[in-house]
Structure formats: C-alpha cells, structure tokens
Amino acid sequence: MDKPGIVVTGASGRMGQMLVRTVLASPACRLVGALERPGHDWIGRDLGQAMGGPALGIAVSDDAVGVIAGAQAVIDFTSPAATVAFAELTAQARAVHVIGTTGLCADDLRAIAAAARHAPIIRAGNMSLGVNLLLGLTRRIAAALDEDWDIEIVEAHHRHKVDAPSGTALMLGEAAAEGRGAPLDDLRIPARDGVTGARPRGGIGFAAVRGGDVVGEHDVIFAAEGERVVLRHLATDRAIFARGALRAALWGQDKGPGEYDMMDVLGL
Ligand SMILES: NC(=O)C1=CN([C@@H]2O[C@H](COP(=O)(O)OP(=O)(O)OC[C@H]3O[C@@H](n4cnc5c(N)ncnc54)[C@H](O)[C@@H]3O)[C@@H](O)[C@H]2O)C=CC1
Ligand SMILES: O=C(O)C1=N[C@H](C(=O)O)C[C@H](O)C1
C-alpha cells in the first residue's frame, strides 16, 4: 500500500513550517498538500521556495476541499474557526484529522465531535511525550494529596500566543481535577485581578505569562503549609509537537471513526 499522503494546514505558521519539515523528513509518509488562509501571500507559490529552500513541486493552496480530498491525513495547527471547517472536510474525505489547535470553545468541540462520527480525529492541546506523561503524574499526585494542598498551574509562552490559559494548562487542570474527583469547571478559579479575596480551598488556579520567544513552559504547583511539590515541563523546540502530530497521523490510519487523544496514540 502507498505511504499515507499528508496535508499540512496553516503551512506558513510557526507549527506549519515545522510540520512540513517533519513530514518531508519521514520515510513513512508523503506530503501531498499545503493549505493557507485565503488571501495569504504564500497562496500559489511553491511551498519549498516560500520556506526559503528548493522547490518541492507543491503549490500552497487555499482550496481546502480539493486538497483534502486527496489526503489520508490532515495535520492542523491553525485557528479554532479554521479547524472546525477542516474537521468537516476531513471527515467527508474519510481521512485522519490531527488537531493541535487550542482555544476551542464548547461549540467548536461539538462540531468536532460530530465530524468524528465519520472518521478518526486525534486532538490534544499538547502533542509532546513529556506533557502527556505529566498528565498521568498530575492526576496521581492530585489524587494522593488532600485539599490542604493548593493546586496552581503556571504557563509561559511567546508573545504571539492568542489564547490563555494554554491548551496544555487546561489539560493539566483537567488531570488535576480528575485526581480530585470533580470536573474542572467546578474547581477552576477565575483569573485573578484586583481584590479577589482569599484563595478558595480545593480550587485550581491558572496564571499565564506571555513574552519573547518562549516555546512553552508549564508548572503544576502543589502548595501546602511548609512545603511545595512542582511538576515542570519545558519545551525548547517545536519539533516535539510536530513529531507527536505525525506519529498520531500514522497511528490513526487503521482506526475507525471516533475521538482520540495523544494518550491513546502513546499507549499511556
Ligand atoms: N497541540 C500542540 O502540541 C500545539 C498546539 N499549538 C497550537 O497550534 C495553533 C497554531 O500555533 P502557531 O503555529 O504558533 O500559530 P501561527 O499563527 O504561527 O500559525 C497559524 C497558521 O494558520 C493559518 N491559518 C489561519 N486560518 C487558516 C485557514 N482558514 N486555512 C489555512 N490556514 C489558516 C495562519 O495563516 C497561520 O499561518 C495554536 O492554536 C497553538 O496554540 C502550537 C504548538 C503545539
Ligand atoms: O501556542 C503555542 O505555541 C503552544 N500551544 C499549545 C498550548 O496552548 O498549550 C502547546 C504548546 O505549549 C505551544
């Protein structure tokens, strides 16, 4: 059987370019298309040349219907609105949709769930091995410690990031809430600003730092009287996310319709 053909969406983006390089370097798949948003100045240009290298013979396109129709997998790190549209098109093509996009709202998640009735969708706010390992540790530690231990999640990202808390921070928060035996919505402490009053016992707090070129840093802090436990993940190279996403696209090739995450892909 032919190697799976992969389409990268948002091909000019920070993750898009990293994904293009990762797919091209893999002997297990072929790059068959690159999508950008209508009006982007890469549309119609050769992808390799637009990235500052030799020609690849793949023109960057805004024809999502036509490009996705020829794919076995779509790797998508774009924006929530684009991802919802790609979910429907990828499901129509019965291809695997790997979603790295964060900042998705409840309506977006419902649309993605509807698309997953027709084809596999693998979605995670963080595709790295390290963060997915940290999810299990966070759940276990939160389950072992009582409410004398306050849980705070602190994340830092580059100045261009548009959503907060990060997708990873929310995943870590969900893991901590699961350890505490309650939904995150019940435990989440609203963002602090002004006279907030004392910290609610048992709540889970979030704080976001934005600046410079930080790739992604996450601390899960368990703080009690007299001691603290801190779990930390530092991403220093976006290649970790791209490798995870490609692994998910290949893993999904023999999977039936449904929603999956990186814990499924990694067997964690
Ligand atoms: N799950 C994970 O492991 C990771 C997730 N992310 C998430 O991925 C997303 C993208 O991040 P970056 O690459 O840093 O952003 P970026 O802004 O550099 O790239 C996004 C790209 O998507 C393109 N785009 C927007 N609408 C489009 C459309 N309708 N059709 C085609 N392309 C479209 C934009 O033009 C842009 O080139 C964010 O939500 C971010 O949080 C980022 C890193 C890791
Ligand atoms: O926008 C980013 O850059 C990142 N986004 C993801 C998130 O929201 O957690 C993953 C990673 O931290 C980088």
Side-chain angles (χ1 to χ4, degrees), residues 7-22 33-43 45 47 50-51 60-68 74-90 97-105 108 121-132 134-135 153-174 206 208-220 232-249 261-263 265-266:
V7 166
V8 172
T9 64
S12 82
R14 279 173 290 277
M15 278 307 299
Q17 294 194 47
M18 182 59 78
L19 286 159
V20 166
R21 287 192 204 94
T22 303
L35 288 168
E36 254 303 340
R37 65 180 157 70
H40 193 281
D41 60 8
W42 282 25
I43 301 297
R45 294 182 62 193
L47 174 64
M51 288 174 64
V60 181
S61 175
D62 60 2
D63 173 16
V65 176
V67 170
I68 289 174
V74 174
I75 306 185
D76 177 17
F77 288 60
T78 53
S79 69
T83 289
V84 166
F86 292 141
E88 196 179 327
L89 296 178
T90 308
H97 190 188
V98 177
I99 300 177
T101 307
T102 58
L104 298 158
C105 69
D108 298 333
I121 295 185
I122 303 154
R123 183 178 67 82
N126 195 305
M127 304 260 171
S128 73
L129 174 60
V131 159
N132 283 279
L134 207 58
L135 293 176
I153 298 171
V154 182
E155 50 104 339
H157 284 87
H158 53 93
R159 61 166 69 102
H160 304 286
K161 186 161 179 63
V162 295
D163 54 312
S166 68
T168 310
L170 291 170
M171 286 164 69
L172 290 164
E174 274 159 15
F206 293 85
V209 175
R210 294 289 175 266
D213 62 355
V214 179
V215 173
E217 303 184 353
H218 293 87
D219 279 3
V220 184
R232 168 170 293 173
H233 183 264
L234 303 178
T236 55
D237 187 339
R238 288 187 176 84
I240 61 173
F241 311 129
R243 279 199 299 268
L246 177 55
R247 183 167 173 170
D261 61 21
M262 280 308 283
M263 305 285 268
V265 173
L266 297 168

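This one's a predicted model, so the numbers in the text were calculated from it and none came from an experiment. Read the numbers this way: they start at 1 and go in the same order the structure lists the ligands and their atoms.
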Next item on the list: Could you find the nearest protein heavy atom to atom 20 (C) of ligand 1 and give me its residue, atom name and distance?
Entry: Phe77 O, 3.9 Å
Note to self: Using a 4.0 Å cutoff against the non-hydrogen atoms of Phe86, which atoms of ligand 1 qualify?
What the structure shows: 30 (N), 31 (C)
Checklist line | Region of Thr102 engaging ligand 2 - heavy atom pairs below 4.0 Å | finding: side chain
Next item on the list: Answer yes or no: is there a side-chain heavy-atom contact under 4.5 Å between Leu266 and Arg247?
Entry: yes
Notebook entry, point to check: Is Gly103 in contact with ligand 1, taking contact as a heavy-atom separation below 4.0 Å?
Noted result: no
Note to self: I need the atoms of ligand 1 closer than 4.0 Å to a non-hydrogen atom of Ala82, numbered in the order shown.
What the structure shows: 26 (N), 27 (C), 28 (C), 29 (N)
Next item on the list: Return a yes/no value for Lys161: is any of its N or O atoms, backbone included, closer than 3.5 angstrom to an N or O of ligand 1?
Entry: yes
Next item on the list: Could you pull out, from Met15, Arg14, Arg37, the option with a heavy atom nearest to atom 25 (C) of ligand 1?
Entry: Arg37
Checklist line | Under-4.0 Å heavy-atom contact with ligand 1, by part of Ala124 that carries it | finding: backbone
Check: Considering distance alone, does some N or O of Arg238 sit under 3.5 Å from an N or O of ligand 2?
Finding: no
Item checked: Any His160 heavy atom less than 4.0 Å to ligand 1 -> no
Item checked: Per-atom contacts of ligand 1 with Gly100, taking only distances under 4.0 Å to non-hydrogen atoms -> 1 (N), 2 (C), 4 (C), 5 (C), 6 (N), 7 (C), 8 (O)
Check: Side chain, backbone, both or neither: which part of His158 comes within less than 4.0 Å of ligand 2 when only heavy atoms are counted?
Finding: side chain
Check: With a 4.5 Å heavy-atom cut-off, do Phe77 and Arg238 have their side chains touching?
Finding: no
Notebook entry, point to check: Considering Met15, His157, Arg14, which one's heavy-atom position lies nearest to atom 11 (C) of ligand 2?
Noted result: His157
Checklist line | Non-hydrogen side-chain atoms of Arg123 and Leu104 separated by less than 4.5 Å | finding: yes
Note to self: Please confirm whether Gly125 approaches ligand 1 to less than 4.0 Å, judged on its heavy atoms.
What the structure shows: yes
Checklist line | Selected option - heavy-atom contact closest to atom 34 (C) of ligand 1, from Glu36, Met127, Arg238 | finding: Glu36
Next item on the list: Would you mind telling me if ligand 2 is within reach of the side chain of Glu155, the backbone, both or neither, using heavy atoms under 4.0 Å?
Entry: neither
Check: Evaluating non-hydrogen atoms only, which member of Ser166, Gly125, Gly167 is closest to atom 6 (C) of ligand 2?
Finding: Gly125
Check: Any non-hydrogen atom of Thr9 lying under 4.0 Å from ligand 1?
Finding: no
Checklist line | atom 11 (O) of ligand 1 protein-contacted (non-hydrogen atom, under 4.0 angstrom) | finding: no
